[in-house]
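Everything below concerns the one structure shown next.
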Protein chains: 2
Amino acid sequence: MSGKVGSIRDVAKETGLSIATVSRVVNGAKNVTPKTRDRVMDACKKLDYLPNPAAKALSTRKTKTVAAIIPTIEHSVFAKFISALEQSLEDGGYSLVLAISHADEEDELKAARKLLGMGAEAFILSGDAHSPELLDLFKRRNVPFIVTSVWNPTRDYPSIGYNNFMLAANAVKFIASKGHRDIAVLHGPLLMNDRTRMRREGALSLQSDRLELTFVESSLDVAGGKKAIREVLEHNGKITAALCFSDVLALGVYMGLKGTGRKIPKDLSVMGFDNIDWAEAVEPPLTTIELPDRKIAAEVASQIIALLEYGRPIGSVELFGKIIERNSVSDVTV
Amino acid sequence: MSGKVGSIRDVAKETGLSIATVSRVVNGAKNVTPKTRDRVMDACKKLDYLPNPAAKALSTRKTKTVAAIIPTIEHSVFAKFISALEQSLEDGGYSLVLAISHADEEDELKAARKLLGMGAEAFILSGDAHSPELLDLFKRRNVPFIVTSVWNPTRDYPSIGYNNFMLAANAVKFIASKGHRDIAVLHGPLLMNDRTRMRREGALSLQSDRLELTFVESSLDVAGGKKAIREVLEHNGKITAALCFSDVLALGVYMGLKGTGRKIPKDLSVMGFDNIDWAEAVEPPLTTIELPDRKIAAEVASQIIALLEYGRPIGSVELFGKIIERNSVSDVTV
DNA sequence: ATTCAAATTGTAACCGGTTACATTTATGAA
DNA sequence: TTCATAAATGTAACCGGTTACAATTTGAAT
């Protein structure tokens, strides 16, 4: 399709200079006369010259491209993360290429092969469950990668994220501190989602004879939360609070209560996870945990760039969530 | 970083064959002896060989990469679109590279330059407002592109999407058919968003002495819808229905009504746009317009591939929205 | 066994950049 | 003016694939 596009030799011919000189000015080398620089720049403009990326990548062996593989882009947490990542990478002169794994290790592996085949220089993975084959592939080819969303210092590769176990434990503690003794914990699918699993374990670690936790798994959407809260309330009338491992589930709880006569937070306290953009606008405003997704993205980008540009090794870093207290969880009314 | 990776000449050496033959088997040419094929494949596996994409792109002048520039990824409509696009392109052997324009023509132009510099062979743009410089750049370099989300057969470049003017007009007609005469129309920022502008005009075209439309602009999020509905209801008590050009605004309306004593749909009918995944789960279930975003993505992908592979020219295509009637708009109670 | 076309494999040029090294030009001190 | 040195520019090899064309092998027919 694309018609003839000017090459560096065309520019050289146009200016009467050599391709080496053209290359120098295009790459901003300092040792060129201002006069020649201008001459070349004019010719570039005139010929509409853009360096051929393939040629450049071939001779420098650098594509300035990093890959991210995420389970889905259709959840705002990931969308926000990707958006921030793209921004940070861009600022550092790198491009982001994206693939979706659908939370499937096989798909992730296939995506990684493809992205490698596109020249990705480093990888950003999500979560803590990856096929051994993928890890092996990275090791054999010496491809740097970071795992995000989770923080797990026990692995031999770097992870940047939060401690899901702690986050959930802290949320439970917060609710318990309001006097709640019977708490429903709503979460999305456990299968292939170690983030959710870690949160569940964190909550579970606080279970005791003074604190009864009822776990309900549902699809990770509003309909799931709605269905889940209705079911659990029907079977267990003592529950006074619902902890949702995702704000969309919390919205489901809001909707599930409509028409039941129960009010939030008088009859049921609800707490979310993520601090999604509408968490404050909902009625009553949702108490939730703000996750530092943009910060993770920035940290990931800066570490990857530091590695790729200066060989500085990547270290794991833990980032912390913050409870945003609004009006959806109240002291238990005796 | 990456350690030595095998090149095609290494594989040739390993097998004792020539690089041409290796290239043939790697690319699945038919005229190779099965025996040689196996020999090469084994060596590839053994040496962990992956063809260098830059070299391949350089000699074939094909990157198998298409670019999409979208205003934001943080709205589910775009996220869904991108997800579907990635899928369809992938199935056709192409990769998607993504950039975010923040609904800014300058950013869009910059992104396009960068993506061109990454070797994108075709572009997918969103909406109908683009800098002339960008259009000119594409024309000069003969880069194929499609505009999506909108359908506008008057332009000299192809667009695949829906007719926003008609969509909004139909929505207004639908609400009016239930007997409503005073309708609030809530929409996001008009600035830099021709989709919203076209919808507004479509609604406006139905304004008459029998049909009073009150337009309210707000930020495109739940908080915006909430604030907007409260304001408009305060100033105009006759309003019996709210048409929201986005489901998130509709959710804002739901929230805005809480505590005011007004009920949906008894006191206020509300209709959305998008049929977002939770539209059905909300209480009462939201009547809205389903937009064929996945279908657009599939259509866009298949046309782009047909062009890139077989030179088949791209044609504009109009896709239609569909009103999904649930329980949030009712006949006006006199 | 010989011949010849068809099938397989090899050789080498080319894609469009970068860069080490060689060459030319500019600068300034003697 | 002359020469030493530094700065600017040029030459050509190289990155790792693809592919036209040449060379070789295979196999069927005579």
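Just so it is clear: chains get the letters A, B, ... in the order the sequence lines come, proteins before strands, and each one is counted from 1. Computed from a predicted structure; not experimentally measured.
As a whole-Å value, the separation of A/Ile8 CD1 from D/dC14 C1' is 15 Å. Distance B/Leu47 CG to D/dG16 C1': 15 Å, rounded to the nearest Å. Put simply, NZ on B/Lys62 is 10 Å from P on D/dT19, counting in whole angstrom units. One interatomic measurement links the two molecules: CG of B/Leu58 to C1' of D/dC15, which rounds to 9 Å at whole-angstrom precision. Spacing between atom CZ of B/Arg37 and atom P of C/dA7 amounts to 15 Å, rounded to whole angstrom units. Between the NZ atom of B/Lys64 and the C1' atom of D/dG17 there is a distance of 16 Å, given to the nearest Å.
A/Cys44 places a side-chain heavy atom less than 4.5 Å from the side chain of A/Val26. Using a 4.5 Å heavy-atom cutoff, the side chains of A/Arg197 and A/Met192 are not in contact.
Using a cutoff of 4.0 Å between basic side-chain nitrogens and carboxylate oxygens, A/Glu105 and A/Lys110 are not scored as salt-bridged. In summary, A/Arg140 and A/Asp136 engage in a salt bridge, as defined by a charged side-chain N under 4.0 Å from a carboxylate O.
For B/Lys56, a side-chain nitrogen or oxygen approaches OP1 or OP2 of D/dT18 to under 4.0 Å.
Under the 30°/60° scheme for interplanar angles, the aromatic rings of B/His130 and B/Tyr157 are found to stand perpendicular.
Two residues, B/Ala55 and B/Arg39, neighbour DNA chain C, and the one matched to the more 5' nucleotide by heavy-atom proximity is B/Arg39.
Each of B/Thr33, B/Val22, B/Leu17 was checked for a side chain to side chain contact (heavy atoms under 4.5 Å, CB included) with B/Arg39, and the lone residue meeting it is B/Leu17.
For the contact set between residues 11-36 of chain A and DNA chain D, defined by any heavy atom under 4.0 Å, the members are A/Gly16, A/Leu17, A/Ser18, A/Ile19, A/Ala20, A/Thr21, A/Arg24, A/Asn31, A/Val32, A/Thr33, A/Thr36.
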